[in-house]
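This report refers to the structure that appears directly beneath it.
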Amino acid sequence: MSVGHVQRAVELAGIPTVGIFVKSFGHIPGLMGVARALITPHPMGRPLGAPGDGERQLSVVQAALALLSTEEPTITEYPQPYRPGAPTAFSG
Amino acid sequence: MESSAKNPAETIEELRKSFFYGSRSNLNFKFLKDLSDTDFAKFLSDMLDAVGKTTDDGDAGRVVDVAYRWQVDAYGGHLGDPADFPHRYADTPFTALPKPLSECRVGLLTSSGHFVDGDDPEPFGEQAMTQKDAEGRIGEFLRAAPELSTIPVTTQAEQLRVRHGGYPVQAVAADHQVALPIQHLQELAASGEIGEVASSAYSFVGATSQVRLKKDIAPQWAEQLRGDEIDVLLLVPV
């Protein structure tokens, strides 16, 4: 809920916004009226993907940023399932 | 394993609730508190079935999937009913993108609870609060006003800290990009997909007073972000 309040305030201040919400909180964007939301099918605490899965994380960020070009409020689900235990090294 | 002979019997309800800031606190599974005893039994059965199969083929993904599905169902059932959701809005503020993303200065804000080593927000005046302490004081966090931590995007990963009593921080602590994707944004700036990354990202503990955030703090932060001259904002709730 917290980010929903902030996202609305920033949008009202004239800055386009997009939020990345995990599926467990996927009901929040619609109820709170946020402008753009990407819903990821990830467990709570892993909004962009598994630790070390830089490829997925980057893909999620790109998918979210792509929503900024929409001309009306949008809630979209990221299409790929969560990938635990990604083989790439932790980025820090 | 301890014998239960000396201990009074624990009810199923007590067991479920023990994962929610109780004796077995586990923020990955705090949703168990909200299951019925019958559903809790189904959850255990599903998990044990998945573990049994994984014992043979090593596909731990099915265990993760069971936990994920029950988590989604629990949160959807607990909070998904619009009649029970306390912070509904009837409108949807919308600002159109003013120019191509490749020319935009992108800001980043997350409710992850990140801060930079040496710039600890010190909640309630306590120095070096641990993650465990933060979980133990979750009730106080939920009543207090949030504080925004500034994270220069030049901050090295080893200088980042994360502490948040409301969600399992283990994945974010292992890889900060899970919720604070500064490096990924920098990569997109380098490739020209976005114009540039704002000089600072922001983080706060999302387990906070919703009333204070809604009424006073969020508009203040919005003005602060306007001062950063960002064109768009990426938000990452946890």
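Every chain is numbered from 1, with letters handed out A, B, ... down the list of sequences.
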Show every donor-acceptor pair shorter than 3.5 Å between a side-chain atom in residues 42-51 of chain A and any protein atom, with sequence neighbours excluded, or say none if there are none.
residue	atom	partner	partner atom	Å
A:H42	ND1	A:R46	O	3.1
A:H42	ND1	A:P47	O	3.2
A:H42	ND1	A:G49	N	3.4
A:H42	NE2	A:R56	NH1	3.4
A:R46	NH1	A:M44	O	2.7
A:R46	NH1	B:N28	OD1	2.8
A:R46	NH2	B:N28	OD1	3.3

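Interface residue B:Y68: only side-chain heavy atoms are found under 4.5 Å from chain A. Residue B:I217 does not touch chain A at all, counting heavy-atom pairs closer than 4.5 Å. Within the 4.5 angstrom heavy-atom criterion, only side-chain atoms of B:L101, from C-beta onward, approach chain A. Contacts of A:P41 with chain B are made by both backbone and side-chain atoms, with heavy-atom separations under 4.5 Å. Residue contact with chain A, scored on non-hydrogen atoms closer than 4.5 Å, involves the backbone of B:A96 exclusively. The contact between A:E71 and chain B is made entirely by backbone atoms, counting heavy-atom distances below 4.5 Å. Only the side chain of B:F204 comes within contact range of chain A, with heavy atoms under 4.5 Å apart. Proximity to chain A is absent for every atom of B:K99, based on heavy atoms less than 4.5 angstrom apart. Only the side chain of B:V64 comes within contact range of chain A, with at least one heavy atom under 4.5 Å from a heavy atom of that chain.
Among A:L58, A:L38, A:V10, the residue with the largest count of heavy-atom pairs under 4.5 Å with chain B is A:L58. Taking B:L234, B:I194, B:L27 one by one and counting their heavy-atom pairs under 4.5 Å with chain A, the maximum is reached by B:L234. Counting heavy-atom pairs under 4.5 Å between each of B:E223, B:E193, B:Q156 and chain A puts B:E193 at the top. When each of B:L225, B:D231, B:T208 is scored by its heavy-atom pairs under 4.5 Å with chain A, the top score falls to B:D231. Per-residue heavy-atom pair counts under 4.5 Å with chain B were compared for A:E72, A:Q7, A:R8, and the maximum is reached by A:R8. When each of A:V60, A:L65, A:V34 is checked for heavy-atom pairs under 4.5 Å with chain B, A:L65 comes out on top.
Considering all non-hydrogen atoms of both residues, A:P84 and B:G61 come closest at CG-CA, 4.2 Å. Residues B:A222 and A:A13 share a closest heavy-atom pair of CB-CB, 4.0 Å.
Counting only distance, with no hydrogens or angles, the side chain of A:S2 and the backbone of B:G206 share a donor-acceptor pair below 3.5 Å. B:R226 places no side-chain N or O within donor-acceptor distance of the main-chain N or O of A:I15, the cut-off being under 3.5 Å.
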Kindly indicate, with the supporting measurements, whether the criterion side chain to side chain contact (heavy atoms under 4.5 Å, CB included) is fulfilled by A:H5 and B:H87.
CA-CA 9 Å; A:H5 294 303; B:H87 297 286; 3.7 Å; yes

Please test B:F85 against A:I28 for side chain to side chain contact (heavy atoms under 4.5 Å, CB included), starting from the C-alpha separation and ending with a verdict.
CA-CA 9 Å; B:F85 192 80; A:I28 288 178; 3.9 Å; yes

Given B:T95 and A:L12, is the side chain to side chain contact (heavy atoms under 4.5 Å, CB included) satisfied, shown in steps?
CA-CA 7 Å; B:T95 300; A:L12 281 168; over 6 Å; no

Please walk me through it: do A:V18 and B:L235 pass side chain to side chain contact (heavy atoms under 4.5 Å, CB included)?
CA-CA 6 Å; A:V18 60; B:L235 302 102; over 6 Å; no

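Side-chain contact between B:V236 and A:F21: absent, with no pair of heavy atoms (C-beta onward) separated by less than 4.5 Å. Between A:M1 and B:P86 there is a side-chain heavy-atom pair separated by less than 4.5 Å. A:V61 has its side chain within reach of B:L185: a pair of non-hydrogen atoms, C-beta onward, lies under 4.5 Å apart. Within the 4.5 Å cutoff, no side-chain heavy atoms of B:C104 are placed close to those of A:P16. With a 4.5 Å cut-off on side-chain heavy atoms, A:V22 and B:V72 do not count as touching.
We find the CG-OG1 distance between B:L97 and A:T70 to be 8.5 Å, quoted to the nearest 0.5 Å. The distance from the CD1 atom of A:I20 to the OG1 atom of B:T110 is 9.5 Å, given to the nearest 0.5 Å. To the nearest 0.5 Å, the span separating CD on A:Q57 from CD on B:Q177 amounts to 6.5 Å. The line from CZ of A:R36 to OG1 of B:T92 is 11.0 Å long, rounded to the nearest 0.5 Å.
Separation of the B:Y75 and A:F25 ring centroids falls under the 6.0 Å cut-off.
The side chain to side chain donor-acceptor pair (under 3.5 Å) analysis of residues 213-222 of chain B, with sequence neighbours excluded, yields no pairs.
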